[in-house]
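Below is one structure, written out as structure tokens; comments come after it.
Just so it is clear, the structure is predicted and the values come from calculations on it, not from any experiment.
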Amino acid sequence: MHSLQTQNISLPQLGLGTFRMQGDECRAAVESGLALGYRHLDTAAMYGNEEAVGAAVAASALKRDALHITTKVWHDQLAPAAIRASLQTSLDKLQLDYVDLFMVHWPAPDMDLRAIFDTLAQLQAAGRVRAIGVCNFTLSMLRTAIDEIGAPVACNQVEYHVLLDQTPMRRYLASKSIPLVAHCPLAQGTLAENPALVAIGRKHGFGAAQVALKWLLDQDGVAAIPKAQRAASQQANLDALTLLLDDEDRRIIAALPKNKRFVNPPFAPAWGPAAL
């Protein structure tokens, strides 16, 4: 599997998302994913499943340096002491000495970006995290963090799929050689029934979700972390890597609506032109 290089870490382009997976079901899903070949695991303090992810990792025969593990701090824990405490709790639950990527899960209206990145840098220097990143940041927030503060942001994880345009974000990140990690890459499962994607998939002998996933992974500097609990779904996502989309397929996908957002909680930042 292709990996993206960023801030001295190697990020496998296709990861296993674990949002809304809990307990023994989560542990079994992660164990299945690892057995199938996944090496990029994405969790978060808010998911409430770090113990399950950690148990699956501990039960595997894989060496720690063969894995990339991401976790995140919630948006109400962005004061320096709270960030440190959140990371320690996550490490304890994951049964790890460090995580490969530690991310701000959502921005907060009153966050002090300089204090946040100073704290993250200290944790990185201490070897508790290998790289730091952000999720759901707008372009204006990224410019403040990267251009003004000089923060070594390893990636921005944002909602991205065939129905949501992220061209301005992708172009900015590419100009800094920073990957975009697509969460919700299958639009919460709705793309499996999209007629245009179904037709493309039928032409190639693949499913619509596989078409949507490969469209993302064909883009330079883009990784994706689809949630997949069943082994069959996990394998299908891996199999999507072998799909070869043609120019006509890409033309059809380009014509789909590009303004459908599925993840927009009340605490989300203001999206759209005002955020650029």
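A salt bridge is defined here as a Lys NZ or Arg NE, NH1 or NH2 lying under 4.0 Å from an Asp or Glu carboxylate O, and D249 with K203 meets this definition. Ion pairing between a basic and an acidic side chain is recognised when a charged N comes within 4.0 Å of a carboxylate O; D24 and R27 show no such pairing. The existence of a salt bridge linking D218 and K214 is confirmed by a sub-4.0 Å separation between a basic side-chain nitrogen and an acidic carboxylate oxygen.
No donor-acceptor contact under 3.5 angstrom links the side chains of E50 and T43, judged on distance only. Side-chain contact annotation: R20 with Q229, donor-acceptor N/O pair under 3.5 Å absent. Checked by atom type, the side-chain pair R128/Q88 shows a donor-acceptor distance below 3.5 Å.
Proximity of a side-chain donor or acceptor of T6 to a complementary backbone N or O of I178 within less than 3.5 Å is not detected. Between the side chain of S86 and the backbone N or O of I83, no donor-acceptor pair lies under 3.5 Å. A distance-only check finds a donor-acceptor pair linking the side chain of Q124 to the backbone of R130 [under 3.5 Å]. A donor-acceptor pair under 3.5 Å is formed between the side chain of Y38 and the backbone N or O of Q234. A donor-acceptor contact shorter than 3.5 Å is absent between the side chain of Q188 and the backbone of C184. Formation of a donor-acceptor pair under 3.5 Å by the Q77 side chain with backbone atoms of W74 is not found in this model. In terms of modelled atom types and a separation under 3.5 Å, the side chain of K227 and the main chain of I225 share no donor-acceptor contact. In this structure a side-chain-to-backbone donor-acceptor pair under 3.5 Å is present from N49 to T18. Between the N136 side chain and the A268 main chain, no donor and acceptor come within less than 3.5 Å of each other. With hydrogens and angles ignored, the 3.5 Å screen pairs a side-chain donor or acceptor of Q210 with a backbone N or O of A236.
The aromatic ring centres of H105 and Y47 sit less than 6.0 Å apart.
Partner Y160 forms a side chain to side chain contact (heavy atoms under 4.5 Å, CB included) with one of M169, R170, H183 and no other, that one being R170.
Counted within 6.0 Å of CD on Q5, heavy atoms from surrounding residues, nucleotides or ligands total more than 12; the atom is thus considered enclosed. Applying the 6.0 Å contact sphere to CG of D246 captures more than 12 heavy atoms from other residues, nucleotides or ligands.
Atom CD1 of residue I9 and atom NE2 of residue H68 lie 5.0 Å apart, to the nearest 0.5 angstrom. Between the CG atom in L238 and the CG atom in L36 there is a gap of 6.5 Å [rounded to 0.5 Å]. Here W215 contributes atom CH2 and L197 contributes atom CG; the two are 10.0 Å apart, rounded to the nearest 0.5 Å. Here the straight-line distance linking atom SG of C135 with atom CG of D42 works out to 7.5 Å at 0.5 Å rounding.
In this structure the side chain of E159 never reaches within 4.5 angstrom of the side chain of W271, judged on heavy atoms. Side-chain atoms of V181 and L11, non-hydrogen and from C-beta on, do get closer than 4.5 Å to each other. Taking 4.5 Å as the limit, every side-chain heavy atom of H204 sits out of range of all side-chain heavy atoms of L244.
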